[in-house]
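Just so it is clear: chains get the letters A, B, ... in the order the sequence lines come, proteins before strands, and each one is counted from 1. Model, not experiment: these values are computed from the prediction. No hydrogens, no waters, no symmetry mates; every other heavy atom, side chains included, goes into these values.
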Amino acid sequence: MSVNTDLAHIFDEIAALLTLTGANPFRAQANERAARILRDMTDDVATLSIADDAKKQLTALDGIGGGTADKIIEFINTGKIAEHEELLEVVPGGLLDVLQIPGLGPKTVKVMWDKADVTSVDTLKEALAAGTIEKLPRMGAKTVQNIRDALEFQAKSSGRARLGVAMPIAQRIVEHLTNVKGVQQCQFAGSLRRGRETIGDIDILASTTKPKDIAEAFTTMAGVDKILAAGETKCSVRIDEGIQVDLRVVDDKAFGAALLYFTGSKEHNVRLRERAIKQKLRLNEYGLFPNDDDDTPPQSRGVKPVACKTEADIYAKLDLQYIPPELREDRGELDADIPRLVEVDDIKAELHAHTTASDGKFTIEELITEAQSRGYHTIAITDHSKSSAQANGLDEKRLRAHIQAIRTAAKQFKTMNVLCGSEVDIRVDGTLDYDDKMLGELDIVVASPHASLAQEPKKATTRLVAAVSHPMVHVLGHPTGRLINSREGLSPDMNAIIAAAVEHDTALEINANFMRLDLRDTHVRAAVEAGCKIAINTDAHAAAHIDFLRYGVLTGRRGWLTPELCINTWSKAKLATWLKLKRQ
DNA sequence: GCCGTTTTCGGCCCGACTGTTTTCAGTCG
C-alpha cells in the first residue's frame, strides 16, 4: 500500500526533524512508532481514514493516539502534514541524510549545523575539507577520521544485504568459530535469526573459555577486509562482501539472556523489559533479575538472576509462552496465543519449478529426482507460458508435447506424485495466457504477474483479483512481482486479494527465492488471519534454488503461518484431493 | 506523543563502547 509507505516515510522524517530541534525524545519515538505501524499493516490507511469513525479506528491501533490519527487524516485529505512542512522550514532537509551516517546522532549533527553551517552531506564534506569540523567541541582526530571513513563506506555500500546473501556467510563464520578451541556455544543472532528479508549487519554470539582465541580466529579469518574494533567482549569486522560482522563474547551461563538481547528486535526487547518491571523484575543482557531499585546493574553486585541460561527460561519466568525469533517484532506477540509455526521439515511438496522446456536448468527427470531426494511426495513442473517470451515460454503446442514428456518421465518414479503444471502469465488486464481448455489439461496452475509491474494500484488489484478468482487457478505466484532492493513491484490492495483467495479457495504463494520473498511477512500475516491457504514454493530454476525453501519458511513463520494452512505440508492424498476439488 | 490491573499526569528499557575529558556525553542496538 503505497499511501501507507508514503505516510510512514513522513512520520520517520518528522521524528528525525524533531530530534534535530531538541524536542522531547519520546515525541520523536512516538512518530517512529507510527511509521512502523503503518509499514506493518496491510489495511489501506487511506480507506481507513475516510470512514465516518476514522479517528476511532486509527486510535484503536496500539501506539496511534489522537494526535497521530489527526495527522494521518490530514495527510489523506490534503496530501501533506502541516507539522512536517513547518519542521522542514526550520531544519534543512539535507540534515536527514547527515543523520544517516553511522556515528552521527542528533546532538552531533545539531552542533555541526549550528556551529559549522552543515546542512547536507555535501556541506559536511566541505566543512571537513576546510577543517571547521575538527574545531567543534568533542571533535578529536579520531572522531573526524571515523566520519570520513563512514562517508567513504556509505558511498560504496549497497545498503542492507538480502537474507539469502547474509545467511550462508553467517553460517560459514559460525562453523569456523565453533571449531575454535574453548568455544562452548556459537550462533548468529540479530535480524538474520529473525529471518528479516534484508540484514543490516551480521551478529554472532559466542561463549568460550578462551576469549582471546576466538577474537583472534574471528579477526584473522579469510574474507576480512577491515577490523573495525577488537575488544575483549566485542569484535567488529567488515568482510569482502561489504557487510559488517559483529562478534560478541559472553559468559556461557548467561548465553540465553545474551541471545535474547542480541536477537531483538529492539522493540520486542523493550516490551519484555516493560513486562519485567511490572513483575518487579529487571531484564538485561545478563539475565532476568529481581528489581531492587538499585541503579547499579545487578550482575555487577553479585545479584543472582531468576533466569539467564536459555531464552525459554526467561520467557517462562515472565509468564510467557516461548516466542520464536521470527515473531519478535512487537507485532502483538506478547499478548497472543502463539501457534505451532510451519518448519522446513514439514514441507513435502514443491509446487512451482522450471525445466529446460522454458528457462530452467533441470531436465524433467533431474527435477523429479531432486524433489525425491529431498523426501518430497509431490513435485509440480510449472514452466512459463507463451507471453514470457524472454523466458522461452511455451505455446499450446509445445505445452501439450511437454505434458506428454512429463507423463512419460513420471512413470520411472513410482512413489512420486508428478504434476503437470504451468506458471501462467497474468496479463495486464487480469486474463490468463492460456484458454480454459488448455488450463483444464493441467494438474496445477500457478498464475503469476511478470510484466507491467509498475501498474497503478487499483488496476493491479483488479488484475490480481481476477486471476485469483479464476476457477482454473490453484496458486497465485509471487503476487506483487517485487525484487528486494531493486524493484518495488505491484502495490495492490492486498486485503482484497486475500478476500478473493479465501472466497475461491485459491492459495497465495510465498516465493522462497530470497530476491522475491513475495508474499512478504506482513501480507502472510494478514492472509493467515483471514484463513487463506498459503503455498511456499522455491520457483526453482536450478538445484541450488531448492535450498531457498528455508527463506520462504522463515517468511511464512514471520507471518505466523501454521502447517495446516500451508498446502506444501499436506499429505499426498490431501493435496491431490484439493487440487481436483478446487475446480468443481 | 502515548498510555493507564496503583496513574488523565508523569512517566517512558538498559547497558556497552568510544572518544573525549578528568567524570561523562553521545551513539548504538
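- Residue A:Asn146 places no side-chain atom within donor-acceptor reach of the base of B:dG19, judged by atom type and a 3.5 Å distance cut-off alone.
- Of all heavy-atom pairs between A:Arg482 and A:Glu488, the closest is CB-O, 3.1 Å.
- Between A:Lys142 atom NZ and B:dT20 atom P the separation is 7 Å, expressed in whole Å.
- Using a 4.0 Å cut-off between charged nitrogen and carboxylate oxygen, A:Glu83 and A:Arg27 count as a salt-bridge pair.
- More than 12 heavy atoms of other residues, nucleotides or ligands sit less than 6.0 Å from atom CG of A:Asn77.
- Here the P atom of nucleotide B:dG29 and the CZ atom of A:Phe188 are 19 Å apart, to the nearest Å.
- When the P atom is used for both B:dG1 and B:dT5, the distance is 23 Å, rounded to whole Å.
- Rounded to the nearest Å, the gap between the C1' atom of B:dC12 and that of B:dT7 is 13 Å.
- For the pair A:Ile277 CD1 and B:dT5 P, the interatomic distance rounds to 15 Å; values are reported in whole Å.
- If you check B:dG15, B:dC24, B:dG1 against the side chain of A:Asn284, the one that comes closest is B:dG15.
- Distances were taken from every side-chain heavy atom of A:Thr143 (C-beta onward) to each of B:dG19, B:dG29, B:dG1; the shortest belongs to B:dG19.
- Following rounding to the nearest Å, A:Tyr261 (OH) and B:dC17 (C1') show an atom-to-atom distance of 11 Å.
- Taking atom P on both nucleotides, B:dC3 is separated from B:dT8 by 16 Å, rounded to a whole Å.
- Atom CZ of A:Arg248 and atom C1' of B:dC17 are 9 Å apart (whole Å).
- Below 30°, between 30° and 60°, or above 60°: for A:Phe514 and A:Tyr551 the angle between ring planes is above 60°, a perpendicular geometry.
- Using P as the reference atom, B:dA16 and B:dG11 are 26 Å apart when rounded to the nearest Å.
- Glycosidic conformation of B:dT7 is syn; the angle stays within 90° of 0.
- Pairing of B:dC3, defined by two Watson-Crick or G-U wobble distances under 3.5 Å, is identified with B:dG10.
- For the P atoms, the distance from B:dG15 to B:dT21 is 27 Å, rounded to whole Å.
- For B:dT20 and B:dC14, the C1' atoms lie 23 Å apart once the distance is rounded to whole Å.
- Across B:dG29, B:dG26, B:dC12, the shortest atom-to-atom separation from the side chain of A:Lys266 is found for B:dG29.
- The side chain of A:Thr108 lies closest to B:dG26, out of B:dG1, B:dG15, B:dG26.
- Of the listed nucleotides (B:dG1, B:dC14, B:dC24), B:dC24 has the atom at the smallest distance from the side chain of A:Arg138.
- Proximity note for A:Thr233 (side chain, C-beta onward) versus B:dC14, B:dC17, B:dC24: the nearest is B:dC17.
- Checking B:dC14, B:dC17, B:dC2 against every side-chain atom of A:Lys234, the shortest atom distance belongs to B:dC17.
- Note on A:Asp62: only backbone sugar-phosphate atoms sit closer than 4.0 angstrom, heavy atoms only; bases stay farther off.
- A heavy-atom distance below 4.5 Å is not found between the side chains of A:Phe262 and A:Arg193.
- Rounded to whole angstrom, the span from the CD1 atom of A:Ile81 across to the C1' atom of B:dG1 amounts to 13 Å.
- Taking atom CZ on A:Arg271 and atom P on B:dC12, their separation rounds to 15 Å, with Å as the unit.
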